[in-house]
Amino acid sequence: MIPLSPSMLANQPSVASAAVLARRLFAMWKSKSADEIMSKRASLPAVCELKKAPGCSPVDVENMLRNTSCSSSSHFAYRPISKIAPLAFAWSSNADCAKQLLTDVVPKDRLPIMSRSLHSTRQIQVPMVTLIDHIDDNVCGHPGLIHGGMTTTIANSSLSLLAALNAPKDARIVPLSLNMDYRKPIPTNDFVKIHAWLYQINGDKMKTAIHFYSLKNEMLVEAVSDIAVYPLSAVD
């Protein structure tokens, strides 16, 4: 048997680091391609239900972000974070948006707003958006679970998209606050359903809320956010 010196032992990978490497290699092997993700997403019951729901229509997220000054679009535009853009749906002002939520956990004054004047000349067009998003393995905090900061990025981007759909094209979307309540860990390499909605408007300030659900309709995260909608001239 060849004796091992302390210096030789020091150069050997630890059991812990070897385990981390093994987990990463397994995640890479398990990771799905963009085509596989899109194919699986298209067959999800949640997607089929959204396509058939009255007052609910698809939104071209990438085209939307190319034509808006939305300042929180990194999750949708940054390919290493998400292999594919989320599938997004906009709800019309006459749709029953509250029916989509677990209303027993939403205060009455925080339910989705109905059509109401934002300014004297404009009506709310989209009180709520719903997204089906795939959480990739490369955003782990702990193995197999999304990092909390990435959850915040997705929430901020989804709410800014909602605000952009209700703002003039020449407006700047400025998130002012975001308060997160993490209910359950979100697994990676899986889909989440996200509802983001408006519940109050005061002048150029929008009060918004968001829920993350598993595909089994379990509440994972909820949050509230204040968002300002300013003319570009006000922030340049």
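Start at 1 with the first residue, then count along the sequence.
Considering CE of Met38 and NE2 of His134, their distance stands at 12.5 Å, rounded to 0.5 Å. Rounded to the nearest 0.5 Å, atoms CD (Gln100) and OH (Tyr213) are 9.5 Å apart. From Met180, atom CE reaches atom CG of Asn156 across 9.0 Å, with rounding to the nearest 0.5 Å. Here the CG-CG distance, from Leu111 to Leu198, works out to 13.0 Å after rounding to the nearest 0.5 Å. Interatomic distance, Leu87 CG to Lys193 NZ, rounded to the nearest 0.5 Å: 13.0 Å. Separation of atoms CD (Glu222) and CD1 (Ile210) is listed at 11.0 Å; rounding is to 0.5 Å.
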Tyr199 vs Asp109, side-chain contact (heavy atoms from CB on, under 4.5 Å): CA-CA, chis, key distance, verdict: CA-CA 7 Å; Tyr199 68 88; Asp109 61 354; over 6 Å; no
Set out, in order, the CA-CA distance, both residues' side-chain angles and the distance that settles side-chain contact (heavy atoms from CB on, under 4.5 Å) for Leu165 and Val129, then state yes or no. CA-CA 9 Å; Leu165 287 168; Val129 295; 3.5 Å; yes
Would Asp181 and Arg183 count as a side-chain contact (heavy atoms from CB on, under 4.5 Å) if you check the C-alpha gap in whole Å, the side-chain angles of each, and the deciding distance to 0.1 Å? CA-CA 6 Å; Asp181 184 0; Arg183 298 294 192 88; 3.4 Å; yes
Could you please spell out the steps behind the side-chain contact (heavy atoms from CB on, under 4.5 Å) verdict for Val59 and Phe89? CA-CA 5 Å; Val59 176; Phe89 295 85; 5.8 Å; no
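Taking the side-chain hydrogen bond (donor to acceptor under 3.5 Å, both in side chains) definition, one finds that Thr130 meets it with Trp91, His195, sequence neighbours left out. Residues meeting the salt bridge (charged side-chain N to carboxylate O under 4.0 Å, His left out) test with Lys51, sequence neighbours left out: none. Evaluation of the ring pair (Phe, Tyr, Trp, His ring centres under 6.0 Å) rule for Trp197 yields His211 as partners, not counting sequence neighbours.
Here the closest non-hydrogen pair linking Pro168 and Val229 is CD-CG1, 4.2 Å. Here the closest heavy-atom approach between residue Pro112 and residue Met128 is recorded as CG-SD, 4.4 Å. Taking both residues in full, the closest heavy atoms of Leu178 and Ala155 are given as CD2-CB, 4.5 Å, listed atom of the first, atom of the second, then distance. In terms of heavy atoms, Cys97 sits closest to Ser92 at SG-O, 4.4 Å. Nearest heavy-atom pair, Pro127 versus Gln125, reported as atom, atom and distance to 0.1 Å: CD-O, 3.7 Å. Among all heavy-atom pairs drawn from Ala95 and Gly55, the shortest one is CB-O, 4.0 Å.
Across Asp133, Ile37, Ile135, a single residue satisfies side-chain contact (heavy atoms from CB on, under 4.5 Å) together with Phe191, and that is Ile37. Checked against Met206 for a side-chain contact (heavy atoms from CB on, under 4.5 Å), the options Asp226, Asn166, Ile173 give a single hit: Asn166.
Looking at Asp35 and Ser33, their side chains never bring a donor and an acceptor atom within 3.5 Å of each other.
No donor-acceptor distance shorter than 3.5 angstrom exists from the side chain of Ser157 to the backbone of Ile154, with no hydrogens or angles considered. A donor-acceptor contact shorter than 3.5 Å links the side chain of Thr208 to the backbone of Ser225.
Between Ile227 and Leu176 the shortest side-chain heavy-atom distance does not fall below 4.5 Å. The shortest side-chain heavy-atom distance between Thr188 and Pro143 does not fall under the 4.5 Å cut-off. In this structure, Lys205 and Tyr230 have side chains that are in contact, with non-hydrogen atoms separated by less than 4.5 Å. Using a 4.5 Å cut-off on side-chain heavy atoms (C-beta onward), Lys207 and Ile201 make no contact. Counting heavy atoms from C-beta outward, Leu50 and Lys52 have side chains that stay 4.5 Å or more apart. Side-chain contact between Ser160 and Pro175 is present, with at least one heavy-atom pair separated by less than 4.5 Å.
Side-chain heavy atoms closer than 4.5 Å link hydrophobic residues (I, L, V, M, F, W, Y) into clusters, and following such links, even through other members, never connects Ile186 to Leu145.
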